[in-house]
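Every chain is numbered from 1, with letters handed out A, B, ... down the list of sequences.
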Protein chains: 2
Amino acid sequence: MMQNMKLPGKTVERLSEYRRILLNLLAEKKNYIYSYELAALLHITAVQVRRDLMLIGYSSGARKGYDIRELVETIGRIIDSEEGLNVAIVGMGNLGRAVASYFRGKRSKLNLVASFDNDPQKINKVISGVKCFDIKTMEQTIRDLNISIAILTVPPDAAKNTCDEIVRYGIRGILNFTTVSLKVPPDVYLEEYDMITSIEKVAYFVKENLKTQG
Amino acid sequence: MMQNMKLPGKTVERLSEYRRILLNLLAEKKNYIYSYELAALLHITAVQVRRDLMLIGYSSGARKGYDIRELVETIGRIIDSEEGLNVAIVGMGNLGRAVASYFRGKRSKLNLVASFDNDPQKINKVISGVKCFDIKTMEQTIRDLNISIAILTVPPDAAKNTCDEIVRYGIRGILNFTTVSLKVPPDVYLEEYDMITSIEKVAYFVKENLKTQG
DNA sequence: ATCTTATTGTTAATAAAATAACAATGTTTT
DNA sequence: AAAACATTGTTATTTTATTAACAATAAGAT
């Protein structure tokens, strides 16, 4: 209930992870799961799981644990959009291709319908399972294929311009993997991920642990 | 002051981002920066910047803004380890190669010294700037090259075993890019990133925005 | 059929992160 | 050299996220 209220970002992330795990379990013919089991699989607490499910208004009814199939369904109703959303990868270097292949095991209503690059070797070929379009045709293609989400994997010096472009063409959400931090209008959702930052964070805590534990 | 206390993870992440930006600015011959300028570049608040710098005990002394060179240096003293740490990429598929190339513009004392794969085509070649070793030699190589950080980019079904292995071989920090959530002993630092989760998060907020804004 | 137990759903408490408020301090202007 | 100003460093407040506590309840045991 109160499903009209936006969920906290952290909860959305965990719901996505719950679903990933639950789908795996379904494939293994498991049908019910307790909050503490699901929690253990993600190394979080059972309370957190129950609280997240409370937020999406899901209730097991009984103390037989959660019906996995039903729960997957409920999570989908909350985090997926009914009609599905179309996604494009902008920049088909190593990272773009990597992202494309991650999409194969995808679990939501997201459709990877296009990729863009400026390399003639790539244009009009199917790469990692997705057709690559000439980046010059981006405006037309984004509108034709009704693409609302872009994954940005272009080289850093192209990031700002490309971002401004796709926003003009009507993109509503961007996952930015470049090392450039972008600015978008308030009605466009932007999520940024810098892998070097993640590595430096790991290094920091390794260093600190080494200091205290030898 | 109090530099022996571990910093919050969020602060560490921002420090890494400050440094990335500051290094770019240095390259453009900018020498001083105000907190609000740095904040604007990352779309955060100036208070946050000042608070983070307070936590690492850095003080500009004057109202001329921060001396960029000095600040970069200070951040390095806090988040880098003095001798540098050696890093390996485990799994040289698309994602592994992408990560390797991100390392080129690296800004810290981290050294990418090895990668591992089981594909004979790759073994003993230099790929994306880093030598690829036979994954069978991992134990020896990790010890020989004193590798303490691993970036895990193997296929999902290999994730758990590979993780247990590298932990046995003495790895102290792992950045896990597989879709499998791992378990490590408490003295090993684990950071997990699931890009499908990020995409699903973007999709959720796009959907919500579309609901309220049409 | 009642008792015991395990698990849930939810409220309350705590912890962590972000933001606001503001005194201190140097800089520039007059 | 005093006044006005801009910016910092830090404490206080607010907000957000996590964890703890516990009543409610269904399932199985006796």
### Query
Think B:S60 has a side-chain N or O under 4.0 angstrom from the OP1 or OP2 of D:dG9?
yes
### Message
Could you tell me how far apart A:L53 (CG) and C:dG9 (P) are, to the nearest whole angstrom?
### Response
8 Å
### Task
Give the rounded distance in Å between these two atoms: OH of B:Y32 and C1' of D:dT7.
15 Å
### Query
Nearest heavy-atom pair of A:V180 and A:E192: which atoms, and what distance?
O-OE2, 3.8 Å
### Task
Show your reasoning for whether side chain to side chain contact (heavy atoms under 4.5 Å, CB included) applies to B:I142 and B:F116.
CA-CA 10 Å; B:I142 285 177; B:F116 297 101; 4.3 Å; yes
#### Entry: Donor + acceptor pair across side chains of A:D52, A:Y18 (<3.5 Å)
yes
### Query
Nearest heavy-atom pair of A:L152 and A:A159: which atoms, and what distance?
CD2-O, 4.1 Å
### Message
Would you call the rings of B:F177 and A:Y193 parallel, tilted or perpendicular, taking 30° and 60° as the class edges?
### Response
perpendicular
#### Entry: Nearest to side-chain heavy atoms of A:R14, which nucleotide of C:dT8, D:dT7, D:dT18
D:dT18
### Query
Whole Å only: how far is the CD1 atom of A:I33 from the P atom of C:dA6?
19 Å
### Task
State plainly whether the residues A:E165 and A:R168 are in salt-bridge range, i.e. N to O under 4.0 Å.
no
### Query
Will you find, in the side chains of B:E70 and B:Y58, an N or O donor that is under 3.5 Å from an N or O acceptor?
yes
## Note on the structure
Here the distance between atom C1' of D:dT8 and atom CG of B:D67, to the nearest Å, is 15 Å
### Task
Verify the contact: side-chain N or O of B:Q48 to OP1 or OP2 of C:dA17, cut-off strictly under 4.0 Å; return yes or no.
no
### Query
Rounding to a whole Å, what distance do you find between A:L38:CG and C:dT7:P?
14 Å
Do any N or O atoms of the protein come closer than 3.5 Å to N or O atoms of nucleotides 20-26 of chain D, and which pairs are they?
{"residue": "D:dA26", "atom": "N3", "partner": "A:R63", "partner atom": "NE", "Å": "2.6"}

### Query
So which one's nearest nucleotide on DNA chain D is more toward 5', B:Y34 or A:I44?
B:Y34
### Task
Would you mind classifying the nucleic acid contact of B:S35 as base, sugar-phosphate or nothing, using non-hydrogen atoms under 4.0 angstrom?
sugar-phosphate
### Task
Check every strand shown and say whether B:T11 touches a base, only sugar-phosphate, or nothing at a heavy-atom separation below 4.0 Å.
nothing
### Task
May I have the distance from A:D52 (atom CG) to C:dG9 (atom C1'), rounded to whole angstrom?
13 Å
### Task
Tell me which nucleotide among C:dG9, D:dG9, C:dA17 gets nearest to the side chain of A:Y66.
C:dG9
### For atom CE of B:M54 and atom P of C:dA24, their distance in whole Å
17 Å
### Query
How close or far is atom P of D:dT18 from atom CG of A:L55, stated in whole angstroms?
11 Å
